[in-house]
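Structure record follows, encoded as structure tokens.
Chain A is the first sequence line, chain B the second, and so forth, proteins listed ahead of strands; every chain is numbered from 1.
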Amino acid sequence: MASVSSQPQFRYTQPPSKVLHLRNLPWECTEEELIELGKPFGKVVNTKCNVGANRNQAFIEFADLNQAIAMISYYASSSEPAQVRGKTVYLQYSNRQEIVNNKTTADVAGNVLLVTIEGQDARLVSIDVLHLVFSAFGFVHKITTFEKTAGFQALVQFSDAETATSAKSALDGRIIPRYLLSENISPCTLRITYSAHTDLSVKFQSHRSRDYTNPYLPVAPSAIDGSGQFSLGLDGKKLEPESNVLLASIENMQYAVTLDVLHMVFSAFGPVQKIAMFDKNGGLQALIQYPDIQTAVLAKDTLEGHCIYDGGFCKLHLSYSRHTDLSIKVNNDRSRDYTIPNPAMVNPQPSTLGQQPVQAMGGPAAHQYNGTPYAPGLQPPTMPPQPSDGWTSTVPAVAQQSMPVQMSNHHPYIPPSSMPQTNPGMMRMPGQGGVPPAAAGGAMPPYRSNQM
DNA sequence: AGCACA
């Protein structure tokens, strides 16, 4: 019954069309190259490249049929085949009369990215992890997440299309760095296109959506627990508004925790601007101010629950402060403003200590993204690659990264008499088995540039 | 090296 009425798919000759079908193009051939190729024969009014499963086919549409005929005729009799980048390109009339929908929204650069998280455990990737990943390229305004047939997706809003583009080109097709995810989560690949959105609508801060431009946006009722505290999202992350200022409380303080100790510990993640220590509820607390939220987030996530000294001594508990800029009246042993050079201080810890990482992160280098998104100071340098490495061996590693000179002069942060023996238990990641050695050592760029 | 799915 099946009448074989369809035309043979490949005929030796096609009826003329002002649209030409090109094949055997080099990988990721550009629109510009197609225009170059067709220009000698007439006006190219439209193109479509990267067509087909291998993305090596394309279409060129001329303004006039005669121009298409001229091109076909020329190469039909030419001894030199049509070429792009030295590769022979095969031409024929297309079986359509015009190129339709040359550009999809996914091709038009915009400030909002549509991110599809692929992988078995894609749904377990928290909005905070996404925020951290995308913040490497610039300020992330808003994120919304949702489930579609395509799977777990997110819209990530940047200030402008340029920033979005830098994030897209660096992250598309890459996996989320393993050390940002729990170790039992299987690899998650990011697929990124542009979204047609320009401004996302976020009504509440929740485990599904965030507006980082408005930290005081109400938290979704569903995300608040009975105690009135910020509750947990599906990922178990707190929905407490992030801040560039951390509140540290120190539990079981058997050893003196000085300003210098705190400065050393927290400088591992970026420049510490100010520290203020005070007593509260019979314990020691401190406010630590970073220049930006993302540094504070990383410091908090990395240090929370860890002990400054081995044996469970001086255990850190971190939360975000509501402060954004501490007011340091006087530099003394309890409070210090590291942004103000103070010649009177014996140990001012010049601000060069932390500024290098910040420049590396905030400057143009961040857009390059040829390595880790977290500048030197933002890697988890305090995390020993192996549990057998302790505080004493870790600190010099930090020093080498950020302050090669200063560290050789004084070690104010190690109380010699109180410094416990180096021990396997110190400063390792609780419950996560620590940062993978490659990540901790900085040897493994989470994303590698694929530009060649 | 053989026709586009937004």
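- Remark: P of B/dA4 and CD of A/Gln14 are 13 Å apart, rounded to the nearest angstrom.
- Ring planes of A/Phe134 and A/Phe158: tilted class, angle from 30 to 60°.
- For the pair A/Phe59 and B/dA4, the ring geometry qualifies as stacking, because the centroid separation is below 5.5 Å while the planes lie within an angle under 30°.
- Of the candidates B/dC3, B/dG2, B/dA6, B/dA6 carries the atom nearest the A/Val100 side chain, counting heavy atoms from C-beta on.
- Residues A/Glu242 and A/Asp128 have side chains in contact (heavy-atom distance under 4.5 Å, counting atoms from C-beta outward).
- In this structure, the CG atom of A/Leu114 is 12 Å from the P atom of B/dA6, given to the nearest Å.
- We find that A/Glu183 and A/Arg178 are not joined by a salt bridge, their nearest charged nitrogen and carboxylate oxygen being 4.0 Å or further apart.
- Contact annotation for A/Glu98: base contact, defined as any heavy-atom pair under 4.0 Å involving a base atom.
- For the pair A/His21 NE2 and B/dA1 C1', the computed distance is 9 Å after rounding to whole Å.
- For A/Gln57 and B/dG2, a side-chain-to-base donor-acceptor distance below 3.5 Å is absent, hydrogens and geometry of angles not being considered.
- Counting to the nearest Å, the P atom of B/dC3 and the CG atom of A/Asn56 are 10 Å from each other.
- Atom-to-atom, CD1 of A/Ile99 to P of B/dA6 comes out at 17 Å; the value is rounded to the nearest Å.
- One can place CG of A/Asn54 at 11 Å from P of B/dC3, the figure rounded to the nearest angstrom.
- What separates CG of A/Asn50 from P of B/dA6 is a distance of 15 Å, to the nearest Å.
- When each of A/Val51 and A/Tyr90 is assigned the nucleotide of DNA chain B with its nearest heavy atom, A/Tyr90 is the one assigned upstream, toward the 5' end.
- For A/Asp211 and A/Lys203, the salt-bridge test fails: no basic side-chain N is under 4.0 Å from an acidic carboxylate O.
- Within the 4.0 Å cut-off from OP1 or OP2 of B/dA4, at least one side-chain nitrogen or oxygen of A/Arg96 is found.
- For A/Val19, whose side chain is taken as the heavy atoms from C-beta onward, the closest listed nucleotide among B/dA4, B/dA1, B/dC3 is B/dA4.
- When the P atom of B/dA6 is taken as reference, atom NZ of A/Lys48 falls 9 Å away, rounded to whole Å.
- In this structure, the ring pair (Phe, Tyr, Trp, His ring centres under 6.0 Å) partners of A/Phe139, at least two apart in sequence or on a different chain, are A/His141.
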